[in-house]
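Within every chain, numbering begins at 1; the chains are lettered A, B, ... in the order of the sequence lines, protein sequences first and strands thereafter.
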2 protein chains.
Amino acid sequence: MSARTSPASAQSAAAPPFLTEPVEDYLKAIYELETRTGAAATTDVANALQVAPASVTGMIRRLAAQGLLDHVPYRGVQLTEMGRRAALRTIRRHRILETYLTQVLGYAWDRVHDEAERLEHAASDDLIERMSAALGHPTVDPHGAPIPTADGTVDERNHRTIADLTVGETVRMLRVSDKDPELLRYLAEIAMQPGVSITLLQRAPFDGPLTLRVGSGEQVVGSTLAAQVLVESLPVPEASASDAGSPSTRPRSARKSSR
Amino acid sequence: MSARTSPASAQSAAAPPFLTEPVEDYLKAIYELETRTGAAATTDVANALQVAPASVTGMIRRLAAQGLLDHVPYRGVQLTEMGRRAALRTIRRHRILETYLTQVLGYAWDRVHDEAERLEHAASDDLIERMSAALGHPTVDPHGAPIPTADGTVDERNHRTIADLTVGETVRMLRVSDKDPELLRYLAEIAMQPGVSITLLQRAPFDGPLTLRVGSGEQVVGSTLAAQVLVESLPVPEASASDAGSPSTRPRSARKSSR
DNA sequence: TGAAATATTTAGGGCGTGCTAAAATCACGC
DNA sequence: GCGTGATTTTAGCACGCCCTAAATATTTCA
Ligand SMILES: [Mn+2]
Ligand SMILES: [Mn+2]
Ligand SMILES: [Mn+2]
Ligand SMILES: [Mn+2]
């Protein structure tokens with residue numbers, strides 16, 4: 001309270017000034033809310049981190065004082081460049097860890113999130129880069145989420161979900177949230193994994209169940225599940241026209257996320 | 001402070017009640033001091049953890065209240081069975097992590113300690129056991145320290161050091177402390193690693209340098225270094241008598257450490 | 001355009017872990 | 001046995017992160 005948020009001064013400093021585990025988790029949560037909805041509200045952060053709203057206000061004050069975010073009282077927060085870099089660093093660690101645990105140590109994809117949630121704060125940059133190298137520098141994690149590069153670049157396009165498909169459309173599954181182990185277990189059961197091809201065969205009215213072809217099988221899923229699975233159009237199904245097409249739908253191209 | 005330390009109640013509870021990172025480090029440090037010198041003094045713990053003695057007193061009060069150790073004021077502390085189990089769990093994690101980092105991820109042996117010092121608090125039991133399995137359940141870490149088993153058994157014999165050898169004696173290097181990276185780098189340089197055979201060729205008077213055969217090379221080392229390298233006698237050099245011998249010097253047999 | 005509902009911040013604590021300075025206790029040599 | 005230096009504990013405080021209750025600001029909608 002006594003020290004007014006330091007004037008300009010915090011611009012080019014590249015060295016991270018050591019962030020605690022709670023701070024890293026706040027920044028990560030704010031980053032994710034911000035990219036989804038433009039800004040992060042106190043309540044949303046509180047929900048994401050399972051803490052009381054008053055605790056969020058307190059933490060926000062400290063983070064703003066450190067130059068990690070800008071806070072307009074009653075209006076929400078936005079990360080500064082420094083805050084964004086710190087968030088992406090933690091997200092990179094988290095996703096490389098999840099990939100490593102899955103691919104090298106045989107974890108099921110519904111078990112990696114909790115483990116990575118802790119390890120992301122304890123692993124050194126060196127360890128993370130070694131894991132990344134051991135994996136051949138993967139670009140997506142086991143749930144299909146893009147892995148930011150070490151210099152803070154990440155593919156941040158918004159994707160459609162199965163719920164957005166028109167009947168008859170065939171797409172490729174890209175991604176699903178890593179936060180709900182039960183959902184992940186169920187998806188694995190019905191063979192819905194990133195990369196699999198999905199066709200919407202039928203949609204019942206009034207937000208009813210959707211009938212899908214998933215790989216070579218057929219599944220009926222609810223609309224809640226459908227809305228959580230991100231997909232992308234197949235790059236020109238099997239026609240001969242190979243150029244025009246929808247321009248922004250090339251698979252997996254990294255793009256600078258400079259907001 | 002208001003709540004008086006709970007009466008007896010804390011005896012057979014096997015479930016660890018979640019220990020914080022500082023608590024795990026205190027227990028580990030106390031365990032190590034205790035096995036070396038019988039009991040842990042406040043000052044020693046303070047030195048080991050690089051905190052003020054008054055901080056140690058405060059922590060000791062809390063740990064005693066939780067039943068993790070017994071404290072006789074002005075006399076030092078001793079771990080309870082619960083405290084000892086918690087300490088050995090952390091030590092197991094630490095040593096498996098060091099082994100994994102070295103053997104799987106290519107870390108040099110002087111870099112693993114700091115990394116393990118943090119990861120030991122964040123890794124789940126599941127992760128540790130997967131790493132152990134991936135390594136074929138190793139029994140010693142990269143510095144030759146024995147790895148406690150999951151049920152709290154560890155080989156705790158005291159070993160001689162190079163400084164204890166008589167001229168002409170040949171031994172096998174067992175272990176060296178993992179705490180001094182510079183020492184470890186130097187040892188690697190002169191090919192002194194656990195398992196290597198060492199012969200004391202010559203010893204200068206007045207605590208002077210020792211001339212050693214290390215593997216196939218020859219080295220001159222100071223007495224400080226010599227005192228830090230633990231060794232064991234070779235199991236009956238190359239005679240035909242295969243039975244009698246010194247009874248307690250069989251290599252690497254695990255022994256219950258019930259104090 | 002207000003009043004009710006909702007979101008956010010402030011006020012006032014708690015707990016864990018650290019610190020310094022001062023007091024108390026212990027250990028040892030004379 | 002006793003003084004003195006070393007060790008240990010107590011007292012008092014700071015900081016980070018969390019909480020609940022109460023106050024305040026914003027949004028919504030009758
Ligand atoms: Mn995750
Ligand atoms: Mn986390
Ligand atoms: Mn170590
Ligand atoms: Mn540690």
Side-chain angles (χ1 to χ4, degrees), chain A residues 1-5 16-30 33-34 37-78 86 90 117-118 121, chain B residues 1-6 16-30 33-34 37-78 83 86 90 117-118 121:
Chain A
M1 190 67 19
S2 57
R4 177 168 302 279
T5 146
F18 179 72
L19 305 175
T20 64
E21 173 159 347
V23 165
E24 290 187 336
D25 282 338
Y26 270 86
L27 294 175
K28 217 173 40 149
I30 291 167
L33 290 167
E34 207 181 284
T37 70
T42 302
T43 311
D44 296 341
V45 178
N47 280 339
L49 297 176
Q50 297 279 76
V51 296
S55 305
V56 174
T57 302
M59 178 63 92
I60 279 173
R61 197 206 327 285
R62 285 194 297 274
L63 298 184
Q66 286 179 59
L68 290 163
L69 48 77
D70 294 318
H71 181 214
V72 184
Y74 293 99
R75 275 285 131 76
V77 295
Q78 250 184 318
T90 308
E117 198 56 57
R118 296 186 312 274
H121 313 289
Chain B
M1 201 57 28
S2 57
R4 178 166 301 279
T5 146
S6 61
F18 178 71
L19 305 175
T20 64
E21 173 159 346
V23 165
E24 290 186 337
D25 283 338
Y26 270 88
L27 293 175
K28 218 171 41 146
I30 291 167
L33 289 167
E34 207 180 285
T37 69
T42 301
T43 310
D44 296 340
V45 178
N47 280 339
L49 297 176
Q50 297 279 75
V51 296
S55 304
V56 174
T57 303
M59 178 63 93
I60 279 172
R61 197 205 327 286
R62 286 195 297 274
L63 298 184
Q66 287 179 58
L68 290 163
L69 48 77
D70 295 319
H71 181 214
V72 184
Y74 292 99
R75 276 287 132 74
V77 296
Q78 250 185 317
T90 307
E117 198 55 58
R118 294 186 313 274
H121 313 290

Show each protein N/O and nucleotides 7-9 of chain C N/O combination with a separation under 3.5 Å, one pair to a line.
from	atom 1	to	atom 2	distance (Å)
C/dT8	OP2	A/Thr43	N	2.9
C/dT8	OP2	A/Thr43	OG1	2.2
C/dT9	OP1	A/His71	NE2	2.6
C/dT9	OP1	A/Tyr74	N	3.2
C/dT9	OP2	A/Thr42	OG1	3.0
C/dT9	OP2	A/Thr57	OG1	2.9

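- Rounding to whole angstrom units, CG of residue B/Leu68 and P of C/dG16 are separated by 13 Å.
- Atom pair A/Gln50:CD and D/dC18:C1' shows a separation of 14 Å (rounding to whole Å applied).
- The CD-P distance, from A/Gln66 to D/dG16, rounds to 8 Å in whole Å.
- Taking atom CG of A/Leu19 as the reference point, atom C1' of D/dG16 lies 14 Å away to the nearest angstrom.
- Going from atom CG of B/Leu63 over to atom P of C/dT17 covers 8 Å, rounded to whole Å.
- Residues satisfying the side-chain hydrogen bond (donor to acceptor under 3.5 Å, both in side chains) test with B/His121, not counting sequence neighbours, are B/Glu24, B/Asp25.
- Summarising the geometry, the separation between CZ on B/Phe18 and P on C/dC15 is reported as 17 Å, rounded to the nearest angstrom.
- Take B/Thr57 and apply the side-chain contact (heavy atoms from CB on, under 4.5 Å) test, not counting sequence neighbours, and it matches B/Thr42.
- By the side-chain contact (heavy atoms from CB on, under 4.5 Å) test, B/Ala29 is found to be paired with B/Ala48, B/Leu49, residues two or more places apart in sequence or in another chain being considered.
- With sequence neighbours left out, B/Ala40 forms a side-chain contact (heavy atoms from CB on, under 4.5 Å) with B/Ile30, B/Leu33, B/Val45, B/Val77.
- Among residues two or more places apart in sequence or in another chain, the side-chain hydrogen bond (donor to acceptor under 3.5 Å, both in side chains) test is passed with A/Glu117 by A/Lys28, A/His113.
- Listed pair A/Arg62 / D/dG16 fails the phosphate criterion, with no side-chain N or O lying under 4.0 Å from OP1 or OP2.
- With rounding to the nearest 0.5 angstrom, the CG atom of A/Leu27 is 10.5 Å from the CD atom of A/Glu34.
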